[in-house]
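What follows is one structure encoded as structure tokens, with my remarks underneath.
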Amino acid sequence: MPLGLGRRKKASPLMEEDDVGERTALGVSQTGGVSSGSLSPQAPGLPPPAPALRPRLVFHAQLAHGSPTGRIEGFSNVKELYAKIAEAFNITVGDVMFCTLNTHRLDMDKLLGGQIGLEDFIFAHIRGQKKELEVYKSEDSLGLTITDNGAGYAFIKRIKEGSIIHRMQLINVGDMIESINGKNLIGSRHFEVARTLKELPRGRTFMLKLCEPRKAFDMIGQRSSSSANSSTNSSAVSSGRGTLRLRAKGPPTVEELVSVIEEKAIQKVDDLLESYMGIRDRELAGTMVELGIDKQNPDDFSQALDRTLGDFAFPDEFVFDVWGAIGDAKAGRY
């Protein structure tokens, strides 16, 4: 049963008549990110509460380019969240590219991943203009870091300064990668797209089909708002008393904010994902830290990764470095 669904005599409206002209009035403390009353995270080791006793979490959202405020509830994973957003704003699910938390700008440090602060305000970025470009791969590295929205869209999270892509002014952070050389990549994960780009032969051109997010007036001309070290800022995304953690498999859970040790380990593992695979994914990094935080040796950790994340086929040297990063965090070597 999806989180938050229950019997009600009268369905609450999905849209609220809020004026969105003044975005400075959209702070979480003023709009209220959750309408659930008193809420305490589930105690460790206890079974989840009965459906009738679960708190009804209500989040507030807008389209990033401008819209009234919508009420979003009754979702248990990212795909269901996008479906609820589409329902609230009368758009198709395929229109939703990704979401940012507490800002309408293309700030890749504020991407919605697998966790939402209980008082976070959601901004949905939807599909805008399409573009097709011919790119000459003069170097082995294109200078791209790829992430995905957890629902079938991979997009550009970072562009390395001075790289091939950086010199092409029409390619921007936030652009969704639809196809490479005619190969449709809708539905592919970030690591699959990054691998396809890496395997393109050097010294040849390739065709890149992109779709940029629809922009508000004050975002036109903005190329990138992702800092050179996004991992230092991403821990500040969640502003609520706790977080709603969305899982690809299993029900969502309300959790306390992660410990300092786990946060530092997640940052290091996310950096390793970018270094080895050309992707950034805090949810994936968090899962890897969860799998390794209580393991006593690298062999047990490697086996846990194979059982849970075998599809990624992580190289041995990467697994060893991740194990070292988790160990450093546990030992206080930040």
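At most 12 heavy atoms of other shown residues, nucleotides or ligands fall within 6.0 angstrom of atom CG in Asn90. Residue Glu161 places its CD atom among 12 or fewer non-hydrogen atoms of other residues, nucleotides or ligands, all under 6.0 Å distant. The number of heavy-atom neighbours closer than 6.0 Å to CG of Asp311, taken from other residues, nucleotides and ligands shown, is 12 or below. In the displayed structure, Asp316 atom CG is contacted under 6.0 Å by at most 12 heavy atoms of other residues, nucleotides or ligands.
Side-chain N or O atoms of Glu80 include one that pairs as donor or acceptor with a backbone N or O of Ser76 at under 3.5 Å. Panel note: side chain Asp300, backbone Asn297; no donor-acceptor pair is recorded below 3.5 Å. Asp306 contributes no side-chain N or O that, together with a main-chain N or O of Gly310, makes up a donor-acceptor pair within less than 3.5 Å. Using modelled atom types, one side-chain atom of Tyr153 and one backbone atom of Gly94 make a donor-acceptor pair closer than 3.5 Å. In terms of modelled atom types and a separation under 3.5 Å, the side chain of Thr308 and the main chain of Ala304 share a donor-acceptor contact. The main-chain N or O of Leu170 is found under 3.5 Å from a side-chain atom of Lys131 such that the two form a donor-acceptor pair. A donor-acceptor pair under 3.5 Å is formed between the side chain of Thr196 and the backbone N or O of Glu192. Of the possible donor and acceptor atoms, none in the side chain of Ser275 sits under 3.5 Å from a partner among the backbone N and O of Leu272. Asn149 contributes no side-chain N or O that, together with a main-chain N or O of Phe98, makes up a donor-acceptor pair within less than 3.5 Å.
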**Request:** Walk me through it: do Lys209 and Glu178 pass the test salt bridge (Lys or Arg N to Asp or Glu O under 4.0 Å)?
**Result:** CA-CA 6 Å; Lys209 186 177 290 186; Glu178 290 191 340; 5.6 Å; no

**Request:** For Val135 and Leu200, run side-chain contact (heavy atoms from CB on, under 4.5 Å): C-alpha distance rounded to whole Å, both residues' side-chain angles, the deciding distance at 0.1 Å, then the answer.
**Result:** CA-CA 11 Å; Val135 182; Leu200 291 170; over 6 Å; no

**Request:** Decide side-chain contact (heavy atoms from CB on, under 4.5 Å) for Phe155 and Ile177; before the verdict, give the C-alpha distance in whole Å, the side-chain angles of both, and the deciding distance to 0.1 Å.
**Result:** CA-CA 5 Å; Phe155 54 93; Ile177 301 176; 5.9 Å; no

**Asked** Run the salt bridge (Lys or Arg N to Asp or Glu O under 4.0 Å) check on Asp281 and Arg189 step by step: do they pass?
**Response** CA-CA 11 Å; Asp281 188 333; Arg189 291 299 312 274; 3.4 Å; yes

**Prompt:** Where do Gln62 and Thr69 land on the side chain to side chain donor-acceptor pair (under 3.5 Å) test, with the steps shown first?
**Reply:** CA-CA 5 Å; Gln62 289 183 354; Thr69 297; 3.0 Å; yes

**Asked** What do the steps show when you test Val173 against Arg158 for side-chain contact (heavy atoms from CB on, under 4.5 Å), and what is the final call?
**Response** CA-CA 6 Å; Val173 165; Arg158 182 182 298 171; 5.5 Å; no

**Request:** Could you check Leu81 against Ile116 for side-chain contact (heavy atoms from CB on, under 4.5 Å), going step by step and ending with a plain yes or no?
**Result:** CA-CA 11 Å; Leu81 168 61; Ile116 310 174; 4.1 Å; yes

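We find the CG-SG distance between Asp120 and Cys99 to be 11.5 Å, quoted to the nearest 0.5 Å. To the nearest 0.5 Å, atoms CG (Leu185) and NE2 (His190) are separated by 14.0 Å. Here the straight-line distance linking atom CG of Asp321 with atom CG of Asp271 works out to 12.0 Å at 0.5 Å rounding. To the nearest 0.5 Å, atoms CG (Asn102) and CD1 (Ile122) are separated by 9.5 Å. Atoms CG and OG, from Leu142 and Ser163 in turn, are 8.0 Å apart once rounded to the nearest 0.5 Å. The line from CD1 of Ile72 to CD of Glu87 is 8.5 Å long, rounded to the nearest 0.5 Å.
Under a 4.0 Å N-O distance rule, the pair Glu73/Lys84 does not qualify as a salt bridge. A salt bridge does not link Asp140 with Lys198: every distance from a Lys NZ or Arg NE/NH1/NH2 to an Asp or Glu carboxylate oxygen is 4.0 Å or more.
The side-chain heavy atoms of Ile164 and Leu144, taken from C-beta on, include no pair separated by under 4.5 Å. Side-chain contact between Arg167 and Ser138 is present, with at least one heavy-atom pair separated by less than 4.5 Å. Contact of the Lys157 side chain with the Ile279 side chain is not registered, since no non-hydrogen atoms from C-beta on lie closer than 4.5 Å. Contact of the Gln129 side chain with the Leu210 side chain is not registered, since no non-hydrogen atoms from C-beta on lie closer than 4.5 Å. No side-chain heavy atom of Glu132 sits under 4.5 Å from any side-chain heavy atom of Leu208. Counting heavy atoms from C-beta on, the side chains of Glu134 and Phe206 never come closer than 4.5 Å. Using a 4.5 Å cut-off on side-chain heavy atoms (C-beta onward), Met207 and Ile180 make no contact. Between Leu63 and Ile91 the shortest side-chain heavy-atom distance falls below 4.5 Å.
Residues Leu305 and Phe314 come closest through the heavy atom pair CD1-CD1, 4.5 Å. Closest of all the heavy-atom pairs between Ala265 and Ala329 is CB-CB, 3.7 Å. When all heavy atoms of Lys330 and Ile293 are compared, the closest pair comes out as NZ-O, 3.0 Å. The minimum heavy-atom distance between Lys137 and Glu139, with the atom names listed, is CG-O, 3.1 Å. When all heavy atoms of Met288 and Phe301 are compared, the closest pair comes out as O-CE1, 3.5 Å. The heavy-atom pair separating Gly174 from Met108 by the smallest distance is CA-CE, 4.4 Å.
Glu274 and Thr145 are linked by a side-chain donor-acceptor pair at a separation below 3.5 angstrom, with hydrogens and angles left out of the test. A donor-acceptor contact under 3.5 angstrom links the side chains of Asp95 and Thr92, judged on distance only.
A continuous path of ILVMFWY side-chain contacts below 4.5 Å connects Val193 to Ile186, so both sit in one hydrophobic cluster. Hydrophobic cluster membership differs between Tyr136 and Leu133, with clusters built from Ile, Leu, Val, Met, Phe, Trp and Tyr side chains linked at under 4.5 angstrom.
Taking the centre of each ring, Phe312 and Phe191 come in below the 6.0 Å mark. Proximity of the aromatic rings of Phe320 and Phe318 is defined here by a centroid distance below 6.0 angstrom, and this criterion is not met.
Between Asp270 and the options Arg280, Lys264, Arg282, a salt bridge (Lys or Arg N to Asp or Glu O under 4.0 Å) holds for only Arg280.
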